[in-house]
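All values reported here derive from a predicted model rather than from experimental measurement. In this chain, residues are counted from 1 in sequence order.
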Amino acid sequence: MVYQLSVNPPHLDPAARRRLATWQAWPRPGAVGGIGIGIMLAELTSSTTGFLAGAVFYILGTVVLASRARPQRREVRRLRAIDIGPTATDAQLAQCARLLRLAQTLRDAGRARDADPATVAQHLIIWDRAYTEMGRS
């Protein structure tokens, strides 16, 4: 089983967070939009024109979002771990344990913040520590 934990930088402002979230979500809605445009235009014009318009929509959207979210994308930290069952090495199991521990810490901090708005500062401290620890991979 492959595990992945992505942690966004804690210092992002709301607009940068939205750009990053839009970039991360783009592949599916962008593809659906491109296919939808392609089908609509294929009905109105030729199938080649529809296909090209859908492809241009997807490619241009990707380029614009990639360029606008580039600084934030570079700061996202990812931790991947692989557990291949009984044949997993000690290092692989340790990496899995580390990833799961960090994920649980962030989940608990998020739940505490949601339950009590007074813990927002504490949540940011925990988030920053997890982000920093992931930088030491």
Side-chain angles (χ1 to χ4, degrees):
M1 173 152 301
V2 177
Y3 300 97
Q4 177 174 310
L5 175 65
S6 297
V7 177
N8 297 335
H11 62 273
L12 290 182
D13 61 77
R17 245 193 306 277
R18 278 192 302 277
R19 279 192 301 275
L20 187 58
T22 303
W23 166 255
Q24 291 167 336
W26 172 249
R28 285 191 181 110
V32 168
I35 291 169
I37 288 171
I39 290 171
M40 284 187 336
L41 286 177
E43 293 294 322
L44 299 173
T45 61
S46 70
S47 58
T48 304
T49 303
F51 171 76
L52 289 175
V56 166
F57 169 82
Y58 187 76
I59 291 168
L60 283 178
T62 301
V63 168
V64 168
L65 285 171
S67 65
R68 300 234 22 232
R70 180 173 289 125
Q72 294 81 30
R73 288 186 307 125
R74 290 184 176 163
E75 293 184 51
V76 172
R77 296 198 176 149
R78 289 182 178 82
L79 180 62
R80 290 182 183 93
I82 301 172
D83 180 0
I84 53 176
T87 59
T89 65
D90 289 342
Q92 289 170 324
L93 293 174
Q95 186 77 337
C96 287
R98 178 176 175 229
L99 184 146
L100 294 172
R101 181 181 48 77
L102 282 168
Q104 185 64 46
T105 299
L106 289 168
R107 188 178 307 117
D108 291 345
R111 287 181 180 152
R113 178 207 56 216
D114 294 342
D116 181 9
T119 62
V120 169
Q122 183 65 22
H123 175 262
L124 288 174
I125 291 168
I126 293 169
W127 186 3
D128 187 56
R129 284 183 190 152
Y131 183 79
T132 302
E133 183 178 331
M134 287 180 69
R136 290 186 255 134
S137 296

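Residues Thr132 and Arg77 share a closest heavy-atom pair of CA-NH1, 3.6 Å. The two residues Ala16 and Gln72 come nearest to each other via the heavy atoms CB-NE2, 3.6 Å. Closest approach of Ala130 to Leu106, counting heavy atoms only: CB-CD2, 3.8 Å. Between His123 and Gly110 the shortest heavy-atom distance is CD2-N, 3.5 Å. Heavy atoms only, all atoms of each residue included: Arg98 and Glu133 are closest at NH2-O, 2.8 Å. Considering all non-hydrogen atoms of both residues, Ser6 and Arg78 come closest at OG-CG, 3.3 Å.
Counting heavy-atom neighbours within 6.0 Å of Asp114 CG, excluding the residue itself, gives a total above 12. Dense packing is recorded around CZ of Arg113, with more than 12 heavy atoms of other residues, nucleotides or ligands lying under 6.0 Å away. When the shell of 6.0 Å around CZ of Arg28 is examined, it contains 12 or fewer heavy atoms from other residues, nucleotides or ligands.
Residues Tyr3 and Val7 are members of one and the same hydrophobic cluster, defined by side-chain heavy-atom contacts under 4.5 angstrom among Ile, Leu, Val, Met, Phe, Trp and Tyr. Hydrophobic clustering of Ile, Leu, Val, Met, Phe, Trp and Tyr side chains at less than 4.5 Å, counting indirect connections, keeps Tyr58 apart from Ile35. A continuous path of hydrophobic side-chain contacts links Leu5 to Tyr131 [ILVMFWY only; heavy atoms under 4.5 Å].
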Report, one line per pair, each donor and acceptor closer than 3.5 Å where one atom sits in a side chain of residues 44-52; sequence neighbours left out.
{"residue": "Thr45", "atom": "OG1", "partner": "Leu41", "partner atom": "O", "Å": "2.6"}
{"residue": "Ser46", "atom": "OG", "partner": "Thr49", "partner atom": "N", "Å": "3.2"}
{"residue": "Ser46", "atom": "OG", "partner": "Thr49", "partner atom": "OG1", "Å": "2.9"}

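No donor-acceptor pair under 3.5 Å is formed between the side chain of Gln122 and the backbone N or O of Thr119. Arg19 contributes no side-chain N or O that, together with a main-chain N or O of Ala69, makes up a donor-acceptor pair within less than 3.5 Å. One N or O on the side chain of Trp127 and one on the backbone of Asn8 form a donor-acceptor pair closer than 3.5 Å.
Hydrophobic cluster membership of Val56, counting Ile, Leu, Val, Met, Phe, Trp and Tyr whose side-chain heavy atoms lie under 4.5 Å apart directly or via other members: Leu60.
Gln104 and Arg101 form no side-chain donor-acceptor contact under 3.5 Å, judged by distance and modelled atom types alone.
Residue Thr89 holds its OG1 atom at 10.0 Å from CD1 of Ile82, rounded to the nearest 0.5 Å. Taken to the nearest 0.5 Å, the CE atom of Met134 stands 5.0 Å off from the CG atom of Leu79. From Ser67, atom OG reaches atom CZ of Arg73 across 8.5 Å, with rounding to the nearest 0.5 Å. For the atom pair Trp23 CH2 and Arg70 CZ, the distance stands at 9.0 Å (nearest 0.5 Å). Note: Leu124 CG to His11 NE2 = 12.0 Å, rounded to the nearest 0.5 Å. Of the inter-residue distances, the one linking Leu12 atom CG with Arg18 atom CZ reads 11.5 Å to the nearest 0.5 angstrom.
Ring planes of Trp26 and Phe57: tilted class, angle from 30 to 60°.
Residues Leu20 and Gln24 form a side-chain contact, since some pair of their non-hydrogen atoms from C-beta on lies under 4.5 Å apart.
With sequence neighbours excluded, the residues that form a side-chain contact (heavy atoms from CB on, under 4.5 Å) with Leu93 are Asp83, Ala88.
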